[in-house]
Amino acid sequence: MPELPEVEVTRRGIEPHLAGRIITGATVRNAGLRWPVPRGLGKTLTGLKVESVKRRAKYLLLDCGSGHLILHLGMSGSLRITDYREPAAYHDHFDLELGATVLRLTDPRRFGAVLWQRGAVLKHKLLRDLGPEPLESGFSGEALYAAIRKRGAAIKTVIMDSHVVVGVGNIYASESLFLAGINPKTQARRLGRKRCDELAGAVRTVLTRAIRAGGSSLRNYVQSDGSFGCFQIDCSVYDRAGKPCRVCSSPIRQIVQGQRSTYYCTKCQS
DNA sequence: CTTTAAACCTGGTCGC
DNA sequence: TGCGACCAGGTTTAAA
């Protein structure tokens, strides 16, 4: 279930268990993720200290001084803190070991990634060309307006383009457009400055709200199974096809854009 | 440069 | 109960 809020909540959950700890080993049970897990990764990592856990887009970056361990959860991945006595299950593909503590990656669909980058992590091919973080100052109505001037594609697909802004996945794309009152089929370049302001604001609001929903369970943060960020915000439109709009009661419509489902209210989003 | 479709995988659900 | 079709929260890649 990883969209940006889930990844951020996971980051906050794992960092206290990792920061300042020495890596004692790593176990790769299945190297066949989105890209092959690098050979000899355990040897590369052993003895290094995890300085901090950062996030860029939906990538988690474990700063190990001389390099970074890059983790991505794909569509079905999750991380949890457990210990070495816990037997690994079928989809537990990767363990990072820090003494008795284990950071364990579970990912049934194996769209996730475990990579190693020496030196400057932001120069990695996957991170190099990413657009601004939605919750930082680089993303604004002004920046959005400038970025989409020449885009004739539908705003729903453009807002999910990581060159425009990172971290807006399929759920929160629909939710943000609903909050901004913008029809997802609108050509991106047709949006004026004001609507870009509204959309940028909506993206920030929706993501912040979702992080807070996960963060609010921070107290009981580590679930009984050790996983993080187990939360479900109730959506305004996503997965609500045919159900009444929570604002105007007209039925939520589902369409397909760029091979993904989009949900919107035909009345509220003109 | 922009846009589109296919690809990587497994698992759950639905209709017959 | 079984089976096929279809769907799913991401992102790269190639091709148009």
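No experiment lies behind these values; they were computed from the predicted model shown. In what follows, every chain begins at residue 1, and chains take the letters A, B, ... in the order their sequences are listed.
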Practice problem: Mind checking the CD1-OG spacing from A:Ile252 to A:Ser236? Nearest 0.5 Å is all I need. | Solution: 8.0 Å

Quiz item: For A:Arg260, which contact category applies under a 4.0 Å heavy-atom criterion: base, sugar-phosphate, or nothing?
Solution: base

Quiz prompt | Under 4.0 angstrom between A:Ser162 side-chain N/O and C:dT11 OP1 or OP2 | solution = no

Quiz item: Tell me: CD1 of A:Ile70 to C1' of C:dT12, nearest whole Å?
Solution: 15 Å

Quiz item: Looking just at side-chain N and O atoms, do A:Thr157 and A:Gln257 make a donor-acceptor pair shorter than 3.5 Å?
Solution: no

Exercise. Return the minimal non-hydrogen interatomic distance between A:Val237 and A:Tyr264, and the atom names on each side.
Key: CG1-CA, 4.2 Å

Quiz prompt | C:dG9 phosphate, OP1 or OP2, under 4.0 Å from A:Tyr238 side-chain N/O | solution = yes

Quiz item: Rounded to whole angstroms, how far apart are CG on A:Leu71 and P on C:dT11?
Solution: 14 Å

Practice problem: Could you tell me whether A:Arg149 atom CZ has more than 12 heavy atoms of other residues or ligands within 6.0 Å of it? | Solution: yes

Quiz item: Looking for any heavy atom pair under 4.0 Å, which part of the strands does A:Arg110 touch: base, sugar-phosphate only, or nothing?
Solution: sugar-phosphate

Quiz item: When you list every nucleotide of DNA chain B with an atom under 4.0 Å from a heavy atom of chain A, which one comes first 5' to 3', and which comes last?
Solution: B:dT2 to B:dG11

Quiz item: Pick from A:Asp129, A:Leu130, A:Val168: which one makes a side-chain contact (heavy atoms from CB on, under 4.5 Å) with A:Ser162?
Solution: A:Leu130

Quiz prompt | Minimum heavy-atom distance between A:Ala200 and A:Ser140, given as atom pair plus value | solution = CB-C, 3.7 Å

Quiz item: Base, sugar-phosphate, or nothing for A:Ser261, non-hydrogen atoms under 4.0 angstrom?
Solution: sugar-phosphate

Practice problem: Grab the CZ-P distance between A:Arg55 and C:dG10 for me, whole Å please. | Solution: 14 Å

Practice problem: Could you say whether A:Lys125 or A:Lys58 is positioned toward the 5' end of DNA chain C, judged by the nucleotide with the nearest heavy atom to each? | Solution: A:Lys58

Quiz item: Starting at CG of A:Asn170 and ending at C1' of C:dA8, how long is that distance when rounded to a whole Å?
Solution: 9 Å

Quiz item: Taking atom P in both C:dC3 and B:dC9, what distance in whole Å separates the two?
Solution: 24 Å

Self-check item: Working for side chain to side chain donor-acceptor pair (under 3.5 Å), residues A:Thr106 and A:Asp92
Solution: CA-CA 4 Å; A:Thr106 304; A:Asp92 293 343; 2.6 Å; yes

Quiz item: So what does the secondary structure string of DNA chain B come out as, 5' to 3', with Watson-Crick or wobble pairs under 3.5 angstrom, [ ] for crossing and | for pairs with another strand?
Solution: .|||||||.|||||||

Practice problem: Mind calculating the distance between CZ (A:Arg109) and P (C:dG10) to the nearest angstrom? | Solution: 10 Å

Exercise. Describe the nucleic acid contact of A:Leu73 in one word from base, sugar-phosphate, nothing, applying a heavy-atom distance below 4.0 Å.
Key: nothing

Quiz prompt | Between NE2 on residue A:His68 and NE2 on residue A:His124, distance to nearest 0.5 Å | solution = 12.0 Å

Exercise. Could you point out which residue of A:Glu133, A:Glu8, A:Glu136 forms a salt bridge (charged side-chain N to carboxylate O under 4.0 Å, His left out) with A:Arg56?
Key: A:Glu133

Practice problem: Indicate whether any N or O donor in one side chain lies under 3.5 Å from an N or O acceptor in the other, for A:Lys267 and A:Ser250. | Solution: no

Quiz prompt | Whole-Å gap separating P (C:dG10) and CG (A:Asp161) | solution = 14 Å

Quiz prompt | Between C1' of C:dC7 and CG of A:Asp239, the distance in whole Å | solution = 11 Å

Quiz item: Atom CD1 of A:Ile211 to atom P of C:dG9: distance rounded to whole Å?
Solution: 20 Å

Quiz prompt | Of A:Lys150 and A:Gln259, the one whose closest DNA chain B nucleotide lies more 5' | solution = A:Lys150

Quiz item: How would you label the contact of A:Gly152 with the nucleic acid (heavy atoms, under 4.0 Å): base, sugar-phosphate, or nothing?
Solution: sugar-phosphate

